[in-house]
Amino acid sequence: MSSQSSSGEEEVIFAVLDFKATCDEPVQLETQEIIEVSAVFLNVSQGKVVNQLEFHSYCKPLVNPTLSKFCTELTGISQDKVDEAPSLFVAMMMLKDFWAEHGLEEDDFAWVCCGDENLGELLPGVYSILHSHVDPSFRQWIDLKTIFQKVYKLEEKPSLTQMMERVEEVEGVKEEKRCSSAQDVTKSLTKLVSHLVEGHLPVH
């Protein structure tokens, strides 16, 4: 996960990742499908985030192609966005092509997620329904909630909102409230990773 920059300094690359899936209320869908993929690759050098690359794609659901009103209101994702989007398989290949085009290999970075649900449950679940297997590139990750819990000595794992509130309290900066899209989450995760590494707190 470590590499040398052109100046000879050691760099660490974290890739924050989030998915959004089909959902409904009051009865949850039996089959949830990923409809948005967002990733931000963060180069960290000398305790600072020095560069970042952003990837984003909507995904067309195949089992339940029509989004519920609840899902659209929760995520901000409209029906036309997923209708015009590639399938999840294509989107994930686009993500792999994206990091390869920027000179990265899968061993060059570590995924960072808000909990274990995205890569531990959601992605494997969708691939299982579609009779496929998760690429080995997506089978290991860092749970930012666990890191944050250890750093701040919390009794329980915090939610994303609780982590952002703690950062706002420590830094004295009020963040703009966003909706619940995957892009919004990765922006918040980027802020959290920056807070940890720039505060010289352990993120590995």
Side-chain angles (χ1 to χ4, degrees), residues 13-42 51-106 109 111-139 141 144 160-161 164 175-193:
I13 302 175
F14 296 109
V16 299
L17 177 70
D18 192 63
F19 302 136
K20 286 302 166 188
T22 52
C23 54
D24 204 355
E25 189 183 62
V27 180
Q28 184 56 271
L29 296 175
E30 182 176 345
T31 301
Q32 282 191 284
E33 298 175 86
I34 293 171
I35 55 175
E36 185 185 15
V37 179
S38 180
V40 182
F41 294 79
L42 306 171
N51 186 41
Q52 63 184 59
L53 303 168
E54 298 183 21
F55 172 87
H56 178 263
S57 178
Y58 294 110
C59 308
K60 181 185 294 183
L62 303 177
V63 178
N64 295 301
T66 302
L67 302 183
S68 67
K69 180 181 178 181
F70 172 78
C71 184
T72 295
E73 291 177 347
L74 179 66
T75 64
I77 301 173
S78 59
Q79 185 67 46
D80 63 301
K81 289 179 179 178
V82 296
D83 285 344
E84 299 168 0
S87 68
L88 173 64
F89 291 127
V90 173
M92 297 305 282
M93 287 302 301
M94 289 166 57
L95 175 55
K96 293 191 68 174
D97 289 343
F98 176 83
W99 77 62
E101 288 168 2
H102 288 88
L104 298 176
E105 298 181 4
E106 60 186 72
F109 59 88
W111 294 115
V112 178
C113 299
C114 188
D116 296 322
E117 294 79 10
N118 281 294
L119 292 179
E121 299 175 15
L122 184 55
L123 188 64
V126 175
Y127 272 56
S128 175
I129 292 167
L130 301 177
H131 307 290
S132 187
H133 300 284
V134 175
D135 188 287
S137 304
F138 301 99
R139 292 180 181 171
W141 62 92
L144 193 58
L160 177 59
T161 298
M164 291 302 294
E175 292 293 319
E176 177 185 354
K177 300 300 179 184
R178 304 185 177 99
C179 67
S180 190
S181 72
Q183 275 190 309
D184 293 327
V185 172
T186 53
K187 287 178 182 178
S188 294
L189 296 180
T190 296
K191 174 66 177 178
L192 291 169
V193 171

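Excluded from the calculations below are hydrogen atoms, water molecules and symmetry mates; all remaining heavy atoms, backbone and side chain alike, are included. It should be emphasised that the depicted structure is a prediction, and the values quoted were computed from it without experimental measurement.
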Review point. Stepwise, does the side-chain contact (heavy atoms from CB on, under 4.5 Å) test hold for Ser180 with Thr75?
Key: CA-CA 5 Å; Ser180 190; Thr75 64; 5.6 Å; no
Review point. Out of curiosity, Phe41 CZ to Ile13 CD1, how far, rounded to the nearest 0.5 Å?
Key: 9.0 Å
Practice item. Any chance you could measure Asn64, atom CG, to Glu30, atom CD, to the nearest 0.5 Å? Key: 9.0 Å
Practice item. For Gln52 and Val40, indicate whether the former's side chain and the latter's backbone hold a donor-acceptor pair under 3.5 Å. Key: no
**Study point:** Check against side-chain contact (heavy atoms from CB on, under 4.5 Å), Leu144 and Cys114
**Key:** CA-CA 5 Å; Leu144 193 58; Cys114 188; 5.7 Å; no
Review point. Under 3.5 Å, side chain of Glu33 to main-chain N/O of Leu62, donor-acceptor pair present?
Key: yes
Review point. If every non-hydrogen atom of Gln32 is compared with every non-hydrogen atom of Ala21, which pair is closest and at what distance?
Key: NE2-CB, 4.1 Å
Check your understanding: Checking Thr22 side chain against Ile34 main chain: does a donor-acceptor pair fall under 3.5 Å?
Key -> no
Point to revise | Gap between atom CG of Leu88 and atom CG of Leu130 - 0.5 Å precision | key: 7.5 Å
Practice item. Check whether any side-chain N or O of Thr72 sits under 3.5 Å from a backbone N or O of Ile77 as a donor-acceptor pair, and report yes or no. Key: yes
Exercise for review: Kindly compute the distance separating CG (Leu53) from CG (Asn51), expressed to the nearest 0.5 Å.
Suggested key: 5.5 Å
**Study point:** Closest approach of Thr186 to Val16 (non-hydrogen atoms, all atoms of both residues)
**Key:** O-CG2, 3.9 Å
Review point. How far apart are the closest heavy atoms of Cys59 and Ser87, and which atoms are they?
Key: CB-C, 4.4 Å
Exercise for review: Could you check if a side-chain atom of Val134 sits within less than 4.5 angstrom of a side-chain atom of Leu119, using non-hydrogen atoms only?
Suggested key: no
Review point. If you measure from CZ on Phe55 to CG on Asp97, what distance do you get to the nearest 0.5 Å?
Key: 9.0 Å
Check your understanding: Asp24 side chain to Leu29 main-chain N or O, any donor-acceptor pair under 3.5 Å?
Key -> no
Exercise for review: Under the side chain to side chain donor-acceptor pair (under 3.5 Å) rule, collect the residues that match up with Trp141, sequence neighbours excluded.
Suggested key: Asp116
Exercise for review: Show your reasoning for whether side-chain contact (heavy atoms from CB on, under 4.5 Å) applies to Gln183 and Glu36.
Suggested key: CA-CA 9 Å; Gln183 275 190 309; Glu36 185 185 15; 4.0 Å; yes
Revision key, fill the gap. Rounded to the nearest 0.5 angstrom, the NZ-CG distance for Lys187 and Asp18 is 13.0 Å
Check your understanding: Does the side-chain contact (heavy atoms from CB on, under 4.5 Å) test come out yes or no for Met92 and Val37, once each step is laid out?
Key -> CA-CA 8 Å; Met92 297 305 282; Val37 179; 4.2 Å; yes
**Study point:** Closest approach of Phe98 to Glu54 (non-hydrogen atoms, all atoms of both residues)
**Key:** CZ-O, 3.3 Å
Exercise for review: Kindly give the heavy-atom pair with the smallest separation between Leu17 and Ala39, and that separation in Å.
Suggested key: CD1-CB, 3.9 Å
Review point. Between the side chain of Trp111 and the main-chain N/O of Ser137, is any donor-acceptor distance below 3.5 Å?
Key: yes
Review point. If every non-hydrogen atom of His56 is compared with every non-hydrogen atom of Ser38, which pair is closest and at what distance?
Key: CD2-CB, 4.1 Å
Practice item. Could you tell me whether Lys96 and Asp135 make a salt bridge, using a distance below 4.0 angstrom between a side-chain N and a carboxylate O? Key: yes
